[in-house]
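Report on the following structure.
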Number of protein chains: 2
Amino acid sequence: MNHRPLTRPEQKARTRQTLLDAALALMEHRSLSSIGLREITRAAGITPAAFYRHFPDVDSLGVALVDQCLGSLRATIRTVRDGLSPSDEVISRSIDILARQVHDDRAHFRFIARERHGGVSAVRAAIAEQLDLFAADLAVDLAADKMVGGPRFDRWIVADLRMISNLIVNHMVWTAAALLDAPPDAPEAAARVIDAAGRQLRLILLGARQWPTEP
Amino acid sequence: MNHRPLTRPEQKARTRQTLLDAALALMEHRSLSSIGLREITRAAGITPAAFYRHFPDVDSLGVALVDQCLGSLRATIRTVRDGLSPSDEVISRSIDILARQVHDDRAHFRFIARERHGGVSAVRAAIAEQLDLFAADLAVDLAADKMVGGPRFDRWIVADLRMISNLIVNHMVWTAAALLDAPPDAPEAAARVIDAAGRQLRLILLGARQWPTEP
DNA sequence: CGATTCGGAGAACAGGTGTTTACTGAGTGA
DNA sequence: TCACTCAGTAAACACCTGTTCTCCGAATCG
């Protein structure tokens, strides 16, 4: 165990993280705008006034939380997808990976789903920005023709690529929300959601294969 | 003008509606769980104590709001869809109708989108229930083969019908939310959303046409 | 007409809220 | 080592919250 005294930036980063974690935990049953500054500091074990050393207000903490959640998730998904060989059964694997991520990080996904159209506009904007990055990533992957046996995405015009990647990203977000609505200790309910989501994704890609490509 | 004194149930129903409207108006920039009972009564012009004559708490008001919003919307959509002759261009017409509804009733749709995954579980459940009814309606229409030139929905198994109607309902909710995110006085932004949504719906139906039907 | 119902008013309750202020004391760079 | 930086403390500020109580007065009913 390393018990050396923490350097000052380390200590600051640590309590900042404690604040973020406390806020995330409080948001399991409520939304960001209904959580008070004092409530967060109480859960984090610091004084209300000390909050201002880290964030100007609760909304800014929310934005930071978005960047942390979706930033790390994007990195995770990137590495996972790079490891996917084109010979895999892409659809069911993708949904399974999503389900696993949601299961391992319920709080993060719940936060995103809850605040995506929630009451704090700065947080909404931050989420929309990150989801746009997800869609851009996905469009690149589609253009790279990773979906073996699928349509020839590389011949598509850019607008159509964005159209379908937005559709898929939205479907993923909705799937995550549906998984969260299912009770965590009911594997059969989650399994039904996963099965339906897989069929829906398959249907979407079936439609994409038939989508008229323009020269 | 009818200035006769209102009967007692009429008066009660009127202030109840005033409460619902006041709450809906307050939710333009914030979510339900962050709105206080006193705030609602202040906006409605009544005493805090009088609130309890209508609802036991704010959450129950939220549930009533869901029923009112989605109940009337369901009726509207039903009549609209019954009036659609199969010869119309169904897809673009559907999206246009949705866009018009959203434009005319921004507050209602914003409420639904915001609270669908929001912090009040009773409201979430009420919304999920109503959306399920929407999906059931849609499944019936699909089975009735109203989509001319489309796939033979009447030969599908029930599970697949639900799967695709859920997908379409979700797409509609997301489209409504996207329209709300676009500034109300920017017709070109809304037009882009409408165009993209139409193409996505077309792609989904294209996939449905190819979906393997089982005997 | 008289008795009763009941939506709403008004005041009081204990407790929570965000923000500012002056202060402490440990880590830090010259 | 010594002056300094700065994360965190403690207390006070004015204000807002949900809930309960008693009371009023007009619509209602026998």
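Below, chain A is the first sequence line, B the second, and so on; all start at residue 1.
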Find out whether F111(B) and V66(B) are in side-chain contact, i.e. whether some heavy atom of one side chain is under 4.5 Å from a heavy atom of the other.
-> yes

Rounded distance (Å) that lies between atom P of dG7(C) and atom CZ of F55(B) | 13 Å

At a 4.0 Å cut-off to heavy atoms of chain A, the contacted part of DNA chain D spans dT5(D) to dA12(D)

Using a strict 4.0 Å threshold on nitrogen-to-oxygen distance, state whether R110(A) and E115(A) make a salt bridge.
-> no

When you look at S60(A) and D57(A), which way does the side-chain hydrogen bond (donor to acceptor under 3.5 Å, both in side chains) test go after all the steps?
-> CA-CA 6 Å; S60(A) 305; D57(A) 48 37; 2.8 Å; yes

Indicate yes or no: does R30(B) engage E39(B) in a salt bridge with an N to O separation below 4.0 Å.
-> yes

At their closest point, which heavy atom of L161(A) faces which heavy atom of A143(A), and how far apart are they?
-> CD1-CB, 4.0 Å

Under a 4.0 Å heavy-atom criterion, the protein footprint on nucleotides 8-18 of chain C, written with B, S and -, is BBB-B----SB

N-O pairing of R14(A) and E10(A) below 4.0 Å = no

Where is the tightest heavy-atom contact between G118(B) and R114(A), given as atom of each residue plus distance?
-> O-NE, 3.2 Å

SB check R100(A) D96(A) (cutoff 4.0 Å) = no

